[in-house]
There are 2 protein chains.
Amino acid sequence: MPQRKENSVSFENEQALETDCPFIFALSLMGKRWKPAILWKMTEGIHRFGEMKRAIPPISEKMLTQHLRELETDGLITRTIYPEMPPRVEYALTNLGLSLQPILEQLNTWGEKAKKTKAKK
Amino acid sequence: MPQRKENSVSFENEQALETDCPFIFALSLMGKRWKPAILWKMTEGIHRFGEMKRAIPPISEKMLTQHLRELETDGLITRTIYPEMPPRVEYALTNLGLSLQPILEQLNTWGEKAKKTKAKK
DNA sequence: TATGGTAGTTACTAAACCGTAAGTATATGC
DNA sequence: GCATATACTTACGGTTTAGTAACTACCATA
């Protein structure tokens, strides 16, 4: 879904970095654009497309769909369709997604500290 | 240095996200492109421009400079110039930068786990 | 028959990012 | 006088990402 040309230098660089550094691989899964916000909201108990759209105001439907799909194929969330009318689709964190939570919290705390440090200057 | 047009929607979205989420703010400081790799190498004792260039092979000089500058203005590293010939410049982690280290390690561990999870499918 | 609600998809365009290659300054060694 | 070394800077153009707006499908209700 990230529409890369497979022979571009950027593509090759990214491959190389992700291959020999699990940390960069981790960031490629959860560190992109709206993904942190989505994961955050999910830990707060938000599970449906429409709810997320309202909870993360400036996100567009396109971006929300795209990121949810990627999180799904990367094994961080699951997607369950309930064949009702109007349709209902629910997203839930997998064990892998859940195991990220404590790290998210720590980075959050670090971010607060960094913000203060920066503000002082 | 991230050359944003201040009236673009992307710019406004990013501002909004960083303002109300310290986590996304944190990612904006250390989660971009080559920054993790740079920070990683610095914790391993690499302090000079040329060393980093060699330690992170596919990085270009332009990107290395750009990221070092951003890390500096964000308070994660310091830059010290020694007026010698040929010139010598040394980079070091600040306390804020150092305090990131345990989190980097955890994300690294998580990345390894995620990689295995993905490989199984 | 028209409206509303869910959960999307698609085409188009604007913005941001990244890599390449060339150039800067200074001094030492050959 | 030319190459080498360090640590950059700049212009340019291609690549990638993000946002907008319009559109889809299904059924229930008024």
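Chain identifiers are assigned alphabetically (A, B, ...) following the order of the sequence lines, protein sequences preceding nucleic acid strands; residue numbering begins at 1 within each chain. The analysis underlying the following values was restricted to heavy atoms, covering all of them including side chains, and did not include hydrogens, waters or symmetry mates. Please read these numbers as outputs of a predicted model, since none were measured by experiment.
Qualifying salt bridge (Lys or Arg N to Asp or Glu O under 4.0 Å) partners for B:E14, counting only residues two or more places apart in sequence or in other chains: A:R33, B:R4, B:K32. Taking the side-chain contact (heavy atoms from CB on, under 4.5 Å) definition, one finds that B:K53 meets it with B:F49, B:E61, B:L64, sequence neighbours left out. Among residues two or more places apart in sequence or in another chain, the side-chain contact (heavy atoms from CB on, under 4.5 Å) test is passed with A:R54 by A:E51.
The interatomic distance linking B:E6 (CD) with C:dA15 (P) rounds to 14 Å, in whole Å. Atom CD of A:E51 is separated from atom C1' of C:dG8 by 16 Å (rounded to the nearest Å). As rounded to whole Å, 13 Å separates atom C1' of D:dA5 from atom CZ of B:F49. Atom pair A:K53:NZ and C:dT9:C1' shows a separation of 13 Å (rounding to whole Å applied). Regarding B:E84, its CD atom lies at a distance of 13 Å from the C1' atom of C:dT26, rounded to whole Å. The separation between A:Q66 atom CD and D:dA18 atom C1' is 8 Å, rounded to whole Å. Atom CD in A:E70 sits about 16 Å away from atom C1' in C:dG8, given to the nearest Å. Atom CZ of B:F11 is separated from atom P of C:dA15 by 14 Å (rounded to the nearest Å).
Side-chain contact between B:V9 and B:N13 is present, with at least one heavy-atom pair separated by less than 4.5 Å.
Of the side-chain N and O atoms in A:Y91, one or more sit less than 4.0 angstrom from OP1 or OP2 of C:dG8. Checking the phosphate oxygens (OP1, OP2) of C:dG5, no side-chain nitrogen or oxygen of A:R88 falls inside 4.0 Å. The phosphate of D:dT9 (OP1 or OP2) has a side-chain N or O of B:R69 nearer than 4.0 angstrom. Put simply, A:S8 has no side-chain N or O that comes within less than 4.0 Å of OP1 or OP2 on D:dG14.
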With the sugar-phosphate defined as primed atoms, P, OP1 and OP2, and the base as all remaining atoms, what B/S/- string results for nucleotides 19-29 of chain D, 5' to 3', for protein heavy atoms under 4.0 Å? BB-----BS--

Taking only distance into account, with no hydrogens and no angle test, what donor-acceptor pairs under 3.5 Å do side-chain atoms of residues 75-86 of chain B form with protein atoms, sequence neighbours excluded?
| residue | atom | partner | partner atom | Å |
| --- | --- | --- | --- | --- |
| B:T78 | OG1 | B:A92 | O | 3.4 |
| B:R79 | NE | B:Y91 | OH | 3.3 |
| B:E84 | OE1 | B:R88 | NE | 3.3 |
| B:E84 | OE2 | B:R88 | NH2 | 3.1 |

Give every donor-acceptor pair under 3.5 Å between a side-chain atom in residues 95-106 of chain A and any protein atom, sequence neighbours left out.
| residue | atom | partner | partner atom | Å |
| --- | --- | --- | --- | --- |
| A:S99 | OG | A:L96 | O | 2.6 |
| A:S99 | OG | B:W110 | NE1 | 3.0 |
| A:S99 | OG | B:K113 | NZ | 3.2 |
| A:Q106 | OE1 | B:Q106 | NE2 | 2.9 |
| A:Q106 | NE2 | B:Q106 | OE1 | 2.9 |

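When heavy atoms are screened at a 4.0 angstrom cut-off, B:K5 is found touching the sugar-phosphate backbone but no base atom.
In the hydrophobic cluster analysis, where Ile, Leu, Val, Met, Phe, Trp and Tyr join through side-chain heavy atoms closer than 4.5 angstrom, A:F11 is grouped apart from A:F25.
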